[in-house]
Amino acid sequence: MSHNSSCQICEKVWPSDDHYIGDLGLTKAYLFDDQFFAGWTVLILKNHRTELFQLTREERMELIEEVSRVGEALAKIFEVRKINSELLGNQIPHIHWHVIPRLKSDPDSLKPVWCVSHDPVRLSTGFLEERLYQIRTTLGIF
Ligand SMILES: [Zn+2]
């Protein structure tokens with residue numbers, strides 16, 4: 001498995017294990033630390049790759065299936081107006097996909113989440129466990 005010792009994801013600096021949802025195949029899913037946008041999930045590619053073109057065609061196909069699977073699960077759980085699926089990697093250049101439910105109650109639905117100023121929301125342990133369980137069961141991961 002490909003690893004890069006200068007990468008925050010490979011070095012397990014982020015995301016934190018207590019936000020782990022489950023293993024989807026090519027990726028592992030984690031609940032994003034800041035839950036201001038409820039259900040915000042991050043899919044982390046297991047191998048260190050920075051660009052889609054470094055993957056095989058089959059891996060790209062599998063990756064988009066996993067992103068879709070999580071988006072569909074989140075859409076079942078939340079009152080979703082739109083799912084945002086974002087692959088950026090400017091801050092941490094290791095393929096990770098943000099899958100973000102934009103709810104009907106969204107404070108600024110026309111803007112990308114990065115442009116919506118807000119105080120970060122950290123879930124209490126009980127509420128975090130509840131949300132992880134809800135996403136796992138909807139995904140069929142036990
Ligand atoms: Zn990495």
Side-chain angles (χ1 to χ4, degrees), residues 1-103 106-142:
M1 201 170 282
S2 174
H3 183 272
N4 181 325
S5 60
S6 66
C7 169
Q8 290 180 61
I9 288 176
C10 289
E11 291 300 294
K12 301 194 179 305
V13 175
W14 179 85
S16 62
D17 282 341
D18 59 351
H19 283 58
Y20 181 61
I21 295 170
D23 191 320
L24 300 174
L26 274 190
T27 62
K28 289 182 175 181
Y30 294 79
L31 201 63
F32 190 58
D33 328 54
D34 175 9
Q35 285 291 296
F36 176 82
F37 294 96
W40 182 336
T41 297
V42 185
L43 270 64
I44 306 283
L45 191 72
K46 291 180 188 175
N47 282 330
H48 183 83
R49 298 281 185 275
T50 60
E51 307 297 343
L52 285 174
F53 59 74
Q54 296 167 341
L55 304 177
T56 66
R57 187 181 180 86
E58 289 69 30
E59 287 171 329
R60 277 192 296 274
M61 287 163 58
E62 173 59 24
L63 185 56
I64 205 72
E65 285 300 323
E66 293 176 19
V67 172
S68 301
R69 183 180 169 197
V70 168
E72 188 175 20
L74 295 173
K76 282 179 186 163
I77 297 169
F78 298 96
E79 287 276 306
V80 170
R81 183 176 169 273
K82 181 73 187 75
I83 297 284
N84 287 171
S85 303
E86 302 190 27
L87 176 67
L88 300 168
N90 297 327
Q91 292 187 30
I92 305 179
H94 172 135
I95 289 178
H96 60 284
W97 220 299
H98 296 273
V99 185
I100 312 159
R102 304 299 297 267
L103 309 188
D106 196 290
D108 206 342
S109 61
L110 299 183
K111 286 186 186 162
V113 290
W114 321 100
C115 303
V116 180
S117 69
H118 62 274
D119 292 326
V121 172
R122 316 272 171 205
L123 299 182
S124 65
T125 307
F127 197 26
L128 172 63
E129 286 304 321
E130 194 176 304
R131 187 161 290 170
L132 292 170
Y133 177 78
Q134 190 178 27
I135 296 171
R136 274 184 209 123
T137 52
T138 308
L139 281 168
I141 298 172
F142 300 100

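Numbers for residues simply follow the sequence, beginning at 1. Whatever order the structure lists ligands and atoms in, that order sets their numbers, starting from 1.
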Atom CD of Gln54: over 12 foreign heavy atoms under 6.0 Å: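 Buried by this count: over 12 neighbours within 6.0 Å.
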Set of residues satisfying side chain to side chain donor-acceptor pair (under 3.5 Å) with respect to Gln134, sequence neighbours excluded: none
Note, the Zn ion (ligand 1) has protein N, O or S atoms under 2.8 Å numbering 4
Tyr133: ring-ring contact (aromatic ring centres under 6.0 Å, His included) partners, not counting sequence neighbours: none
For Phe32, ring-ring contact (aromatic ring centres under 6.0 Å, His included) partners two or more places apart: Trp40, His98
Whether the side chain of Arg136 engages the backbone of Ile21 through a donor-acceptor N/O pair (distance < 3.5 Å, no angle test) should be reported.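 Yes; judged by distance alone, with no hydrogens or angles, the pair exists.
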Distance-only donor-acceptor check, side chains Arg122 and Gln35, under 3.5 Å: no
